[in-house]
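For reference, the structure is listed below as structure tokens.
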Amino acid sequence: MLEAINLAAVRGDRRLFAGVGFSLQGGDLLYVQGANGSGKTTLLRMLCGLVIPEEGKILWSQEDIRSEREAYLQSLVYLGHLCALKDDLTGLENLRITEALAGEEISEPRAMAALQGVGLNGYEDLPVRVLSQGQRRRVALARLALTQAPLWILDEPFTALDKASVGSLKTRLEDHLEDGGMVILTTHQEIEIKAAVIKQVALAEY
Amino acid sequence: MGDGSGGRAKMNWSDFFTMGGYGFYVWGSYGVTALLIIIEIIWVLQRRKALLNRLARMSRLSKG
Amino acid sequence: MAFAGINWFKYSSPASFYPVAGKMIPWVASVAVILAVIGLYFSFFVAPTDYQQGEAYRIMFIHVPAAWMSMFIYVVMAGYAAMGLIFNTRLSAMMASSLAPTGALFTFVALWTGALWGKPMWGAWWVWDARLTTELILLFLYIGFMSLEAAIDDPRRASRSSGLLAIVGVVNVPIIYFSVKWWNTLHQGASISFDKAPSMASTMLTAMLLMTFAFWMYTIAMVLYRVRCEILERERHSEWVMALVEERK
Amino acid sequence: MLAVLRCVMMRDLILAVRRLSDVLTTLFFFVIVVSLFPLGVGPEIEVLRMIAPGVVWVAAILASMLALGRLFENDYRDGTLEQLLLSPQPLSLLVLGKVMAHWAVTGVPLVLVAPLLGMQFGMSAQGIGVLLISLILGTPAISLIGAVGAALTLGVRGGGVLVSLLVLPLYIPVLIFGAGAVEASVSGLGAEAHLSLLGAILVLALCFAPWAAAAALRISLD
């Protein structure tokens with residue numbers, strides 16, 4: 001269960017947002033809305049513990065995420081704007097190394113299956129630099145098929161995806177929510193994701 | 001003028017400036033030190049004046 | 001600095017510290033001037049002529065205090081930086097960045113006066129003496145601190161990054177000093193070094209201490225003045241700064 | 001715990017092998033800088049033999065400092081560094097893994113080439129032997145201390161030059177004991193004292209540098 005209390009962020013000397021609070025239980029979907037530059041990415045990175053909040057606290061099952069760092073990070077997957085892939089490594093290597101760093105050893109067949117699951121059959125063992133932006137995005141999203149982490153924080157996950165991939169990502173998110181997982185995401189496209197509880201946080205322009 | 005603690009104070013000014021032949025070195029050190037301190041003071045005063053002007057101008061712009 | 005440290009936590013917010021610093025500056029500055037005048041009087045008129053070096057040794061009365069201050073300010077800077085990182089208090093980070101220029105000034109003064117004192121004593125402008133070399137490396141550390149802080153735009157990250165550098169630096173200063181001392185004695189032997197300061201008549205010591213305290217007061221006044229500029233700079237969007245700017249117009 | 005350290009190291013080593021040009025440029029820089037000195041100082045072998053340890057050591061420091069840019073900058077730009085910070089494993093361990101891979105790619109080639117340069121400068125076999133040991137002990141310490149500088153100047157404009165300004169003063173003890181060890185052994189004083197102090201600095205760097213670099217990374221990615 002994730003709880004954010006009275007979060008505030010400052011970038012340079014400009015105050016991005018303040019008094020942001022919400023709580024998220026299993027099966028909840030949270031949309032983070034706001035114009036560009038209103039601090040959406042900063043809020044997501046703050047929820048991951050990358051950015052230290054100017055004010056307020058973030059609790060994961062009633063414990064501050066900075067004191068329960070290891071437990072929290074084990075239950076979290078964050079996909080930012082960048083695909084977080086090394087160009088010289090193949091899709092397969094990237095996937096297995098990223099998962100190993102997150103503490104989950106993945107066998108080659110399972111990684112291969114995950115890549116095929118996002119429609120990359122035949123591209124698994126090519127260096128990522130030869131793939132298109134959409135394909136690279138899908139390699140990054142393939143992680144969602146492998147991870148056991150309940151909390152997914154996704155920054156603009158639908159960008160650069162074709163219709164089929166958008167559809168499959170939508171169903172994967174819905175399955176995850178049904179299994180009691182939590183999703184926090186930002187998106188510009190109007191995509192209807194069915195969830196038990198849908199919450200919104202709007203970052204007003206300061 | 002000097003006290004009796006074995007030190008003889010210099011009465012005339014010419015001795016004072018020659019500093020027993022080491023005037024260049026002694027006044028070179030004290031002079032540069034004094035100069036640097038004065039420069040730092042002026043620099044800080046300038047910085048504050050420029051900052052206050054900028055803030056005043058920005059507050060006028062934002063209000064006007 | 002200890003004085004500012006005592007009521008520190010009560011005035012830890014920049015807004016409340018600003019007026020306090022304002023009131024302190026005139027007092028500290030006048031104490032600095034008085035101490036400097038008395039110190040100079042002692043240095044030139046009271047302290048006796050040294051039988052070995054004649055009048056040249058009087059450079060010692062600013063060289064040694066400047067060297068002490070350069071080391072002391074760096075340690076205080078690292079202390080404030082550590083407090084800024086641990087307690088996340090913005091004001092201590094500002095104090096650290098305000099201390100750096102004055103510290104660098106004293107380091108340069110120590111080097112300059114060291115060279116001018118070295119010329120008459122040993123006939124060389126620069127002597128690879130352990131302490132002088134460490135002073136030179138300390139100047140590099142100060143320059144590194146200030147340039148790192150100037151290179152980063154976001155003031156919060158700038159003070160935290162340079163703060164960490166100051167802490168890494170202060171841990172390294174003793175290591176550098178002892179390795180340079182080892183290197184110095186290996187190559188040259190201990191013949192030329194500052195350790196054998198001229199026999200210290202009591203008046204010499206008082207002159208040096210007076211000058212040290214004068215430098216100390218000067219540092220406090222200068223740092224308080226500069227930290228007020230930092231506060232105005234970083235809090236320019238807050239209401240109290242706006243109000244203050246209104247009043248001044 | 002160690003599996004993750006090995007994983008980060010293997011990843012960086014694979015990346016380095018797949019892009020050998022970066023490794024070779026550092027090595028060639030080292031060789032060129034060392035070979036410049038005889039052209040500048042003159043060919044007398046006596047003079048060259050005397051300045052050889054200092055020249056090799058300063059060139060090694062400059063070469064490994066050039067390679068520091070590659071330590072975090074690429075990961076920072078493609079987003080993998082962010083994922084490293086989000087790994088449940090202690091960040092200082094991951095940083096240690098990266099620095100060991102960086103040392104294996106830049107430090108070890110320098111150590112392997114140093115004897116050739118030693119001969120070029122007419123150094124005695126004993127001198128070259130001690131030079132090798134001092135470089136083996138010194139280059140990892142340089143990579144470790146350099147990692148702190150690289151983390152501090154991440155994403156900062158003019159970071160490449162700035163890192164040298166921050167890190168060079170901290171390299172001075174390593175340089176003094178490294179170059180001094182060779183000179184002491186050649187002049188008959190025996191280099192044990194210097195090498196043991198160099199080892200002490202290496203242990204100190206091993207304990208504190210990863211932690212400091214990890215803290216610097218968190219600040220840089222804040």
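Residue numbering restarts at 1 for every chain, and letters A, B, ... go by the order of the sequence lines.
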| Side chain / backbone / both / neither for C:L136 at chain D, heavy atoms under 4.5 Å | neither
| remark: Given D:V148, D:I201, D:L197, D:T153, the one with more heavy-atom pairs under 4.5 angstrom with chain C than any other is D:L197
| Contact origin within C:A150 toward chain D - heavy atom pairs under 4.5 Å | backbone
| task | Would you please test C:W112 and C:H63 for side chain to side chain donor-acceptor pair (under 3.5 Å) and show each step? | result | CA-CA 8 Å; C:W112 177 266; C:H63 172 70; over 6 Å; no
| said: Does any backbone or side-chain atom of D:L204 lie under 4.5 Å from a heavy atom of chain C? Answer side chain, backbone, both or neither. | reply: side chain
| Aromatic rings C:F106 and C:F215: how do their planes relate, parallel, tilted or perpendicular, breaks at 30° and 60°? | tilted
| request: Counting only heavy atoms closer than 4.5 Å, note whether D:L162 contacts chain C via side chain, backbone, both or neither. | output: side chain
| N-O pairing of C:R234 and C:E230 below 4.0 Å | yes
| query | At a heavy-atom separation under 4.5 Å, does D:L152 approach chain C through its side chain, its backbone, both, or neither? | reply | both
| request: Inspect the contact between D:D22 and D:R70 and indicate whether a charged nitrogen and a carboxylate oxygen are less than 4.0 angstrom apart. | output: yes
| query | Considering only heavy atoms, which portion of C:V173 lies under 4.5 Å from any heavy atom of chain D: side chain, backbone, both, or neither? | reply | neither
| task | May I ask you to decide whether D:D75 forms a salt bridge with D:R11, counting only side-chain N to carboxylate O separations under 4.0 Å? | result | yes
| message | Test your reading of the model: is there a side-chain donor-acceptor pair from C:R236 to the backbone of C:V241, 3.5 Å cut-off? | response | no
